[in-house]
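Every chain is numbered from 1, with letters handed out A, B, ... down the list of sequences.
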Amino acid sequence: MPQNHLYLVDGSGYIFRAYHQLPPLTNKHGQPVGAVYGYTTMLWKLADELGKAEGPTHLAVILDKGSHTFRNDMYDQYKANRPPAPEDLVPQFPMIRDATRAFSLPCIEEAGFEADDIIASYTKAAVAAGWHVTIVSSDKDLMQLIQPGVDMYDTMKNERRGADYVMTKFGVQPEQLGDVLALMGDSVDNVPGIPGIGPKTAAKLISEYGNLEAALEAAPSMKKSKMQENLIAHADMARLSRRLVALHDAMDLPEPLDDLTLKGIPLEPLQAFLEHHGFKSLLARAGAPAAAVAVATAAAAVTQATPPAAPVHEEEPPIDRSLYETVVTDEALDRWIAAAHAEGLVAVDTETDMLDCVSCALVGVSLAVGPNAACYIPVGHGGRDMFAEKPDQLPLALVLAKLKPLLEDDSVLKIGQNLKYDITVLRRHGIEITPYDDTIVMSFDLDAGQSLAGHGMDEAARVHLNHTCISFKDVCGTGKSQISFAEVPLDKATEYAAEDADVTLRLWKLFKTRVAHEGATRVYELVDRPLVSVIAKMEHEGIKVDREALSRLSAEFTAGIAALETEIHGLAGQPFAIGSTQQLGAILFEKMGYKGGKKGKSGAYSTDVTILEQLKAQGAEIAGKILDWRQLSKLKSTYTDALQAQINRDTSRVHTSYSLSGAQTGRLSSTDPNLQNIPIRTEVGRQIRHAFVAEPGNVILAADYSQIELRLAAHMADVPALKEAFANGEDIHAATAQQLFGEVNRDTRGRAKTINFAILYGISRWGLAGRLEISADEAQDMISRYYERFPGISLYITDTIEKARERGYTETLFGRKTWFPRIKASVQHERQGAERAAINAPIQGTSADIIKRAMARMGPALAAEGLHDVKMLLQVHDELVFELPEGDVEQASAIIRRVMAGAAEPIVKLSVPLGVEIGHGPSWGAAH
DNA sequence: ACCCTCACG
DNA sequence: GACGTACGTGAGGGTA
């Protein structure tokens with residue numbers, strides 16, 4: 001009779017690990033199932049052990065139930081600083097139980113006890129009965145249970161662990177591990193331990209003195225050191241910690257040992273479960289687990305099962321463009337679509353006849369399902385002219401009809417590089433791409449700030465695949481002789497387009513693994529990926545601009561500019577190009593003899609606002625005129641003229657393009673045109689905002705976060721005085737003025753405001769001195785006072801810089817990384833520049849994360865309350881702009897406010913409220 | 001292609 | 001002791 005062998009599976013521990021290590025999959029019902037999938041493969045692996053020498057004869061999955069256990073009664077801080085489970089993990093907990101049931105395995109949980117205690121109790125009982133035990137977990141606390149006859153098994157690393165593992169990892173025997181853990185403490189579970197003692201020191205003490213109590217008792221006679229003092233001072237904390245890490249092994253077993261006998265795994269419930277979640281590839285590709293088949297073969301003849309394939313990292317074949325196919329027949333198209341279904345994923349790229357995706361025509365679609373397995377489906381070659389001669393290609397309508405089910409199939413992942421473009425193009429043809437991954441966004445979430453990693457495809461291919469893509473220029477030429485993609489011959493078009501899809505798929509494979517392993521899953525899944533289709537919608541929507549209003553302004557500005565020009569030339573005594581800083585510098589500082597030195601390496605005179613304002617203050621009339629001239633020229637060329645040219649001919653609206661990878665901090669950026677820098681600060685400039693209007697019957701609504709970055713700074717640096725001021729709804733700059741100067745008036749409030757911003761940007765006394773027109777010493781005093789009044793700020797600054805230097809990156813509250821390679825530069829000002837950016841990045845980036853989450857939730861929140869005509873049009877970093885029927889304003893305002901104010905939740909709980917200010921009117925200008 | 005300047009948060 | 005003088009963007013005009 002072979003010996004009984006009980007496997008105890010630490011299900012709760014596993015699911016967290018699977019969540020962080022595995023790609024964030026969703027099933028065909030749109031539910032997140034990455035962790036469930038990982039959990040399922042683990043059970044599968046265990047099922048395959050059945051019948052082997054070291055395999056289980058008995059097995060139980062142990063789960064945590066509820067969060068309050070006897071340890072909380074012992075120490076109310078236990079696990080107190082643990083963040084709530086990620087929102088896409090929560091719905092997976094019940095599915096874990098489904099998965100366990102699908103394998104027909106017993107599942108044990110008990111209120112008041114942690115899974116660890118249940119495992120300890122079963123281990124004790126089984127050992128007493130003379131059984132072998134294997135604990136399936138990688139938890140260090142459970143390693144205390146290792147003893148002869150009891151080992152651990154880490155399925156992810158495929159590693160069995162005994163006493164020697166504990167010895168290499170912690171330097172002690174398993175039975176001494178509890179003492180080591182007690183000294184070390186555990187920041188995740190909030191076990192206090194002894195400050196300053198980590199794994200190394202703890203192990204040294206325990207192996208030297210044998211156990212915790214002996215070490216504590218010996219402390220007074222140890223050599224004097226910080227560690228020794230701490231050992232004495234915190235002895236009670238260590239004793240409490242010892243009790244917290246001890247496993248409770250004497251509970252009544254919820255189910256008797258003998259009930260845990262493994263009998264085999266009926267195939268049917270397992271199959272149903274796998275099919276429900278679309279894990280059927282697991283069954284189909286790898287064969288059922290041996291145990292399941294053993295049961296199934298009795299009923300039906302099943303083909304020889306093979307064990308699930310271990311993930312092998314095979315070298316991909318180099319890119320070979322000769323293997324790409326031009327798809328021009330029904331049969332070929334069907335074959336590619338079937339291949340995509342079989343693979344469960346497909347890289348997609350669309351080719352169009354112009355860059356503007358609102359007006360462009362579809363020219364072709366490329367697909368890739370594996371390395372070099374890529375094709376191009378031409379549909380619009382030969383151009384839009386109905387009568388032009390065209391190459392042989394499938395009709396557009398047919399291709400769209402066949403692609404639609406694939407592109408909308410929940411069980412096939414669509415992969416694209418900068419998908420918002422393709423989403424818009426295909427949405428115009430009635431296709432909603434879902435689900436999707438975007439490699440440009442993945443790249444950004446991994447490598448923002450890494451100077452070597454460009455996120456565009458050509459650069460990404462060079463960096464990550466060591467491959468040079470065919471450039472668009474090579475195919476279409478440049479400048480005047482540039483041709484449209486519709487005119488490119490099919491063979492050349494296929495090489496170019498299919499390569500894009502092929503490269504995208506290869507990049508995706510790399511990034512998918514990295515996202516999971518490098519902690520980018522949170523920000524990718526919870527912030528950026530959902531945003532892609534939202535941004536696509538906003539760009540497609542566009543905003544109405546009153547062309548006549550702009551044209552009137554242009555005319556006004558032209559007249560103003562001309563008048564000023566005459567005056568300036570008169571004052572200068574000669575005509576010159578006012579826009580030329582070179583000529584202007586010569587006039588001001590050489591001919592007219594004003595003071596104001598040369599600047600920097602170029603040796604040119606600086607003529608920027610600060611200089612001109614100084615001259616003006618000295619009484620130079622020309623300086624004021626030049627400032628006015630510059631303002632009007634800027635407004636005319638950058639706004640009133642340029643915006644008119646940007647009004648789309650087909651839609652009569654302006655469609656900006658947002659870059660999701662534009663700003664290193666995680667902010668969006670806006671181009672063609674940039675709608676994030678429309679004037680507002682001066683009255684003249686503000687008129688331009690009034691030209692952004694709503695359709696008749698509609699209004700423009702603008703919703704702003706008020707002081708979001710300062711609020712986040714107060715939260716992140718933990719500044720009680722600032723937090724309190726925000727909680728009380730005070731004027732924050734006035735409150736700062738009160739703290740710093742003891743009185744509030746226009747002057748002190750203004751200075752306080754400057755200092756508040758200086759803090760967000762990484763202050764230097766020189767910089768502050770310049771801004772406030774005080775001496776560096778006075779500025780230094782002011783900074784010191786700020787740190788004194790707002791403790792936490794200086795700690796935040798030093799901490800952030802230190803961490804950035806250590807790890808190379810900073811992180812937002814949502815885990816967005818920004819890399820700072822120059823933080824180790826030997827050139828001082830380069831390094832200091834990186835330090836200032838590092839101070840700012842977590843704050844600016846968290847603010848960006850929050851508004852992005854608000855944007856992703858806005859559509860569903862509005863729709864849920866029946867508001868289908870509210871359109872989100874623009875994002876300006878802390879502001880969202882909507883167009884909506886006048887009658888919806890009240891209801892929409894409440895929803896918008898709620899969504900924006902609560903956008904951090906539940907992932908991040910802020911200790912300050914987020915304020916939202918909302919206004920509306922016939923134009924953007926009027927909405928403020 | 002680069003610099004300067006200036007519009008925004 | 002000199003250095004250079006706040007974070008993050010994009011666009012237009014002048015110059016080389």
Side-chain angles (χ1 to χ4, degrees), chain A residues 448-449 576-585 599-612 626-627 629-643 645-646 656-659 661-682 684-686 688-689 704-710 713 754-772 776 779 783 797 800 810 818 820 827-845 847-848 851 874-880:
Chain A
F576 68 101
I578 305 172
S580 161
T581 49
Q582 210 176 62
Q583 294 179 34
L584 177 62
K599 202 191 175 183
K601 9 181 185 191
S602 57
Y605 292 110
S606 171
T607 64
D608 67 14
V609 251
T610 53
I611 301 283
L612 289 178
I626 291 165
L627 284 171
W629 183 91
R630 279 207 181 143
Q631 185 188 27
L632 293 185
S633 306
K634 172 83 177 179
L635 294 178
K636 178 168 159 18
S637 66
T638 310
Y639 301 103
T640 54
D641 287 355
L643 274 174
Q646 291 279 357
T656 183
S657 171
Y658 287 103
S659 169
S661 54
Q664 314 292 24
T665 52
R667 274 191 177 180
L668 300 180
S669 73
S670 158
T671 59
D672 309 308
N674 181 356
L675 294 186
Q676 292 182 320
N677 71 348
I678 301 302
I680 191 168
R681 292 174 186 170
T682 66
V684 200
R686 234 182 145 103
I688 292 161
R689 267 189 196 227
D704 290 57
Y705 280 114
S706 86
Q707 310 288 6
I708 186 168
E709 293 195 1
L710 267 179
T754 301
I755 300 168
N756 275 332
F757 280 111
I759 293 295
L760 299 179
Y761 298 152
I763 198 167
S764 83
R765 59 190 171 130
W766 313 107
L768 186 64
R771 299 271 158 155
L772 289 179
I783 294 166
I797 291 172
T800 305
T810 60
T818 303
F820 291 94
V827 182
Q828 187 181 231
H829 72 263
E830 267 191 23
R831 188 174 63 247
Q832 288 175 337
E835 287 174 357
R836 289 194 298 268
I839 291 168
N840 183 247
I843 299 167
Q844 188 181 115
S847 158
I851 196 168
L874 303 177
Q875 189 251 42
V876 193
H877 310 309
D878 63 357
E879 173 186 10
L880 295 175

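- Ala642(A) comes within contact range of the sugar-phosphate backbone alone, with a heavy-atom separation under 4.0 Å but no base atom that close.
- Between the C1' atom of dG8(C) and the CD1 atom of Ile851(A) lies a distance of 15 Å, rounded to the nearest Å.
- Distances shown here put a side-chain N or O of Thr607(A) below 4.0 Å from the OP1 or OP2 atom of dT5(B).
- Across all strands shown, Glu709(A) has no heavy atoms under 4.0 Å from either base or sugar-phosphate atoms.
- Picking from dC7(C), dG9(B), dA7(B) the nucleotide with the shortest atom distance to the side chain of Ala837(A) gives dC7(C).
- Side-chain N/O atoms of Arg681(A) and base N/O atoms of dA7(B) include no donor-acceptor pair closer than 3.5 Å.
- With rounding to whole Å, Asp608(A) atom CG is found 16 Å from dG13(C) atom C1'.
- Look at Tyr761(A) and the base of dC7(C); the rings stack, centres closer than 5.5 Å and planes less than 30° apart.
- Shown here, dA2(C) forms no base pair; nothing in the strands shown gives a Watson-Crick or G-U wobble contact with both key distances under 3.5 Å.
- Listed pair Thr665(A) / dG8(C) fails the phosphate criterion, with no side-chain N or O lying under 4.0 Å from OP1 or OP2.
- Here the C1' atom of nucleotide dG8(C) and the CG atom of Asn840(A) are 7 Å apart, to the nearest Å.
- Residue Asn674(A) is in sugar-phosphate contact alone, with no base atom involved, counting any heavy-atom pair closer than 4.0 Å across all strands shown.
- Contact annotation for Ile680(A): backbone-only contact, meaning every heavy-atom pair under 4.0 Å involves sugar-phosphate atoms and none involves a base.
- When heavy atoms are screened at a 4.0 angstrom cut-off, Gln832(A) is found touching no nucleic acid atom at all.
- When the side-chain nitrogen and oxygen atoms of Arg771(A) are compared with OP1 and OP2 of dT5(C), none of them lie within a distance under 4.0 Å.
- Counting any heavy atom pair closer than 4.0 Å across all strands shown, Thr754(A) reaches a base atom.
- Contact of Gln828(A) with dC3(C) (side chain to base): a donor-acceptor pair of N or O atoms is detected under 3.5 Å.
- The P atoms of dT5(C) and dC4(B) are separated by 11 Å, rounded to the nearest whole Å.
- The CZ atom of Arg831(A) sits 17 Å away from the P atom of dC3(C) (whole-angstrom rounding).
- Look at CG on Leu632(A): it is 16 Å from C1' on dG13(C), rounded to the nearest Å.
- Put simply, Arg836(A) has a side-chain N or O that comes within less than 4.0 Å of OP1 or OP2 on dC7(C).
- For Ile678(A) and dG9(B), the CD1 to P distance is 11 Å, given to the nearest whole Å.
- Across all strands shown, Gly770(A) has no heavy atoms under 4.0 Å from either base or sugar-phosphate atoms.
- The nearest whole Å value for the distance from the CG atom in Asn677(A) to the P atom in dT5(B) is 18 Å.
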